[in-house]
2 protein chains.
Amino acid sequence: MTPRTQRAMPEGDDRGFEPGNCPVRQVLDHVSAKWPVLILMELGQEPRRFNALQRALPDISKRMLTQSLRNLERDGIVRREVFDTKPPSVSYSLSELGHGFLPHVLALVEWAEKGMPTIISARAAYDNA
Amino acid sequence: MTPRTQRAMPEGDDRGFEPGNCPVRQVLDHVSAKWPVLILMELGQEPRRFNALQRALPDISKRMLTQSLRNLERDGIVRREVFDTKPPSVSYSLSELGHGFLPHVLALVEWAEKGMPTIISARAAYDNA
DNA sequence: CGAAAATGGTCTCTAAATGAGACCAATATC
DNA sequence: GATATTGGTCTCATTTAGAGACCATTTTCG
């Protein structure tokens, strides 16, 4: 008996990546998330001190700035140096690993900038529909 | 009178990017966040249906999968096609714009993989200290 | 001298985002 | 008839992020 209604299409299943224990995921989360991206771009220009970062990124909270920097430092992407001034100064800069990452972020931004017109009109079309 | 304590170092200030209204930021958030990255990598291999994506990414919730896909669709990065099967099938695939983005994500992953040994030992050093 | 500002954070409290899972209508399968 | 499947949405609990007070020390300003 031939069914008169069409069968569902093939799924194209795939086991995907291992869920929580994937190390690449963790690093990506530390690096490609909202704030880390902006922080790394700032540090890509020049080393900056904690408060300077905060002023450069006015809408990040102290809390998230600290947390993001800690993650990046722990992963060896950012270096933290304390100088014994009064009051003490803390300078953050890209490590070698961090410098290797920088071009990729910049490429992302460039892609976004170049695609922006397309994106804008796609949004207009979507919202209009 | 020469101060005996060292002065704080220069800040290296910078006005940074415009806070909330930056369009590039929005796109980056839709594209480089945790789930979107994984979704785009899946779609980079082949178009996939909603439930297939969910099975490929077992630890994403329906809620976030839907939300991420909607963002990507609205920005014209992902295309959504509904097929009139019973029950109806919905296929997600990369648009041209999306395909242009794919190499960048892959580069990120490659960078993370290549740097993983360095990262691992950086973490060990950090945790040890 | 006393007050205010700056350093780099931490801590708490609240607001927002996320995860877990029930639920839906229509149809096919068992 | 019961169960499963489709692609979601909706609600509720949990997790995460944001806002801002607070800290000790020293410098500058009045």
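To find a chain, count down the sequence lines: A is the first, B the second, and so on, and within it residues start at 1.
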Peer 1: Produce the list of close N/O pairs, under 3.5 Å, pairing protein atoms with atoms of nucleotides 17-20 of chain D; give distances to one decimal.
Peer 2:
{"from": "D:dA17", "atom 1": "OP2", "to": "A:Gln67", "atom 2": "OE1", "distance (Å)": "3.4"}
{"from": "D:dA17", "atom 1": "N7", "to": "A:Arg63", "atom 2": "NH2", "distance (Å)": "3.3"}
{"from": "D:dG18", "atom 1": "OP1", "to": "A:Trp35", "atom 2": "NE1", "distance (Å)": "3.3"}

Peer 1: Donor-acceptor check, side chain of B:Ser32 to backbone of B:Asp29, threshold 3.5 angstrom: yes or no?
Peer 2: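 Looks like no, no N/O pair under 3.5 Å.
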Peer 1: Please examine the side chains of A:Trp111 and B:Leu97, heavy atoms only from C-beta on, and report whether any two atoms are closer than 4.5 Å.
Peer 2: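 The answer is yes, as the side chains (C-beta and beyond) meet within the 4.5 Å cut-off.
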Peer 1: Give the rounded distance in Å between these two atoms: CG of B:Asn51 and P of D:dG7.
Peer 2: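 That distance rounds to 4 Å.
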Peer 1: Without decimals, in angstroms, what is the distance between A:Asp84 CG and C:dT7 C1'?
Peer 2: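 Interatomic distance, CG of A:Asp84 to C1' of C:dT7: 12 Å.
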Peer 1: Let's see if you can work this out: which of C:dA6, C:dT27, C:dT10 has an atom nearest to the side-chain heavy atoms of A:Arg70?
Peer 2: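 Ranking C:dA6, C:dT27, C:dT10 by closest atom to the A:Arg70 side chain puts C:dT10 first.
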Peer 1: Please give, in whole Å, the distance from C:dG9 P to A:Arg49 CZ?
Peer 2: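 In whole Å, C:dG9 P lies 11 Å from A:Arg49 CZ.
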Peer 1: Going from OG on B:Ser61 to CD on B:Gln67, what distance comes out if it is rounded to the nearest 0.5 angstrom?
Peer 2: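 These two atoms lie 8.5 Å from each other.
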Peer 1: Please report the distance, rounded to the nearest Å, between CZ in B:Arg55 and C1' in D:dG7.
Peer 2: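 Rounding to the nearest Å, CZ of B:Arg55 and C1' of D:dG7 are 12 Å apart.
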Peer 1: Among B:Leu57, B:Leu43, B:Val90, find the one that has a side chain to side chain contact (heavy atoms under 4.5 Å, CB included) with B:Arg48.
Peer 2: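 Considering B:Leu57, B:Leu43, B:Val90, a side chain to side chain contact (heavy atoms under 4.5 Å, CB included) with B:Arg48 is found only for B:Leu43.
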Peer 1: If I take atom CG from residue B:Asp75 and atom CD from residue B:Gln26, how far apart are they, to the nearest 0.5 angstrom?
Peer 2: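 B:Asp75 CG to B:Gln26 CD: 8.5 Å, rounded to 0.5 Å.
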Peer 1: Which whole-number value in Å describes the distance from B:Lys86 NZ to C:dC24 P?
Peer 2: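 One finds 21 Å between P of C:dC24 and NZ of B:Lys86, rounded.
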Peer 1: Find the distance B:Leu65:CG to C:dT18:C1' and express it as a whole number of Å.
Peer 2: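 Whole-Å distance recorded here is 14 Å.
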Peer 1: Going by an N to O cut-off under 4.0 Å, is there a salt bridge joining A:Arg25 and B:Asp59?
Peer 2: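 Yes, charged N to carboxylate O under 4.0 Å.
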Peer 1: Rounded to the nearest angstrom, tell me the gap between atom CZ in B:Phe83 and atom C1' in D:dT5.
Peer 2: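 From B:Phe83 CZ to D:dT5 C1': 18 Å.
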Peer 1: Looking only at the side chain of A:Arg80 (C-beta and beyond, no hydrogens), which of the listed nucleotides D:dG8, C:dG9, C:dT7 gets closest?
Peer 2: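 Of the candidates, C:dG9 comes closest.
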